Protein chains: 2
Amino acid sequence: MATDEIRLQAVVTRFREAGVNGALGDCPVRGILDKISDKWSMLIVLELADGPLRFNRIRRAIPDISQKMLTQTLKELQRDGLVSRKVYPTVPPAVEYELTALGTSILRPFSVLIEWADASWETIAAARSSYSEQNAA
Amino acid sequence: MATDEIRLQAVVTRFREAGVNGALGDCPVRGILDKISDKWSMLIVLELADGPLRFNRIRRAIPDISQKMLTQTLKELQRDGLVSRKVYPTVPPAVEYELTALGTSILRPFSVLIEWADASWETIAAARSSYSEQNAA
DNA sequence: CGGAATCCCTGAGGATACTG
DNA sequence: CAGTATCCTCAGGGATTCCG
């Protein structure tokens with residue numbers, strides 16, 4: 001509906017003014033979106049979606065992540081307050097990572113994105129094949 | 001509400017099963033999300049949100065993009081069917097880029113993400129400062 | 001188990017110059 | 001104006017090794 005369109009435009013426009021035409025470093029929104037575009041953050045957050053997990057459990061869940069990147073990304077997520085870390089002083093040590101309230105709140109934007117991707121990938125695949133068809137030697 | 005939570009979980013779980021635990025190349029959803037996480041795609045799409053623009057107009061709107069990356073990203077967006085390209089045979093040539101219906105449809109997921117970022121950046125900033133406080137030498 | 005530290009390499013992407 | 005074609009840099013991230 002029309003009011004919805006207007007709202008969308010407002011959001012987009014505000015983003016542009018703050019993020020692209022303004023000073024880049026000063027735009028918190030663009031800074032955060034850069035984090036979204038991080039290679040691993042989103043995957044890890046999604047893994048933690050249905051409960052706390054331990055380090056190596058996450059590692060196994062995302063086969064193609066290196067230990068270094070997992071450590072590093074978890075630290076960043078912690079620093080940003082999306083993930084909490086709990087250490088149990090057992091032997092050997094057990095460490096649990098869990099989404100905070102903030103971390104949980106980002107699941108909704110993510111799911112909207114995933115739903116779009118899921119609904120659109122066939123259209124995109126079709127566009128690609130007709131594109132390469134057109135550009136066939 | 002609860003039914004909403006269940007729906008969210010379902011989306012997230014389906015993504016994980018298809019994308020992370022499965023064969024990576026076979027998962028169209030993860031492939032598409034990789035494109036979202038592209039450094040420039042989202043910015044360009046947002047620039048085109050309120051109407052067609054010409055090449056150098058986009059370039060000026062995103063000051064820190066190189067012409068190489070703009071060309072390349074526009075080509076990818078075209079190939080994926082998000083953006084259409086219209087050439088006017090004038091002298092000098094004029095080329096207009098415009099969102100397709102598919103391209104317009106991704107604005108909504110984007111706006112949800114932006115709204116989240118806009119609503120959360122203060123919380124994140126606070127988390128960061130208390131984090132660095134804790135880890136002060 | 002859950003990391004930290006180091007070394008190393010690839011490829012995304014910037015700078016520059018040229019063309020229709 | 002709207003690109004194409006090279007060259008080159010540098011940081012993201014993999015592989016490996018070591019530690020409490």
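Here is the naming used below: chain letters follow the sequence lines, and residue numbers restart at 1 for every chain. Since the model is a prediction, treat every value here as computed from it, not as a measurement.
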Main chain of A/Arg59, side chain of A/Asn56: is a donor-acceptor contact present, judged purely on distance under 3.5 Å? no
Any N/O donor-acceptor pair, A/Gln67 side-chain to C/dA4 base, under 3.5 Å: yes
Side-chain (B/Ser132) to main-chain (B/Ser129) donor-acceptor, under 3.5 angstrom: yes
Does A/Asp38 reach the main-chain N or O of A/Trp40 with its side chain, forming a donor-acceptor pair under 3.5 Å? yes
Report the distance from atom OH of B/Tyr88 to atom P of D/dA2, rounded to the nearest whole Å. 12 Å
Look at the side-chain N and O atoms of A/Arg54 and state whether any lies under 4.0 Å from the OP1 or OP2 oxygen of C/dC1. no
Atom-pair distance (CD on A/Gln72; P on D/dA11), nearest Å: 14 Å
In terms of side-chain heavy atoms of A/Lys68, which of D/dG14, D/dT4, C/dG3 is nearest? D/dG14
Quick check on DNA chain D: between B/Leu74 and A/Pro93, whose nearest nucleotide comes earlier from the 5' end? B/Leu74
Rounded distance (Å) that lies between atom P of D/dA11 and atom NZ of A/Lys39: 18 Å
Is there a donor-acceptor pair closer than 3.5 Å between any side-chain N or O of B/Ser120 and the backbone N or O of B/Ala117? no
Give the rounded distance in Å between these two atoms: CZ of B/Arg59 and C1' of C/dG13. 13 Å
Would you kindly give the CD1-to-C1' distance between A/Ile58 and C/dG3, to the nearest whole Å? 13 Å
Only one of B/Thr100, B/Leu48, B/Ile44 passes side chain to side chain contact (heavy atoms under 4.5 Å, CB included) with B/Val83, and that residue is B/Leu48
Below 4.0 angstrom from OP1 or OP2 of C/dC1, is there any side-chain N or O of A/Tyr97? no
Kindly say if A/Lys75 contacts the phosphate of C/dA4, meaning a side-chain N or O under 4.0 Å from OP1 or OP2. yes
May I have the distance from B/Leu70 (atom CG) to D/dT4 (atom C1'), rounded to whole angstrom? 14 Å
Given C/dA4, D/dC1, C/dG14, the nucleotide with the shortest approach to the side chain of B/Met69: C/dG14
Rounded to the nearest Å, what distance is computed from the CZ atom of residue A/Arg60 to the P atom of nucleotide C/dC1? 8 Å
Check the distance between C/dA15's P and B/Asp64's CG and give it to me in whole angstrom. 10 Å
What's the closest nucleotide to the side chain of B/Asp38 if the choices are C/dG3, C/dG13, D/dC1? C/dG13
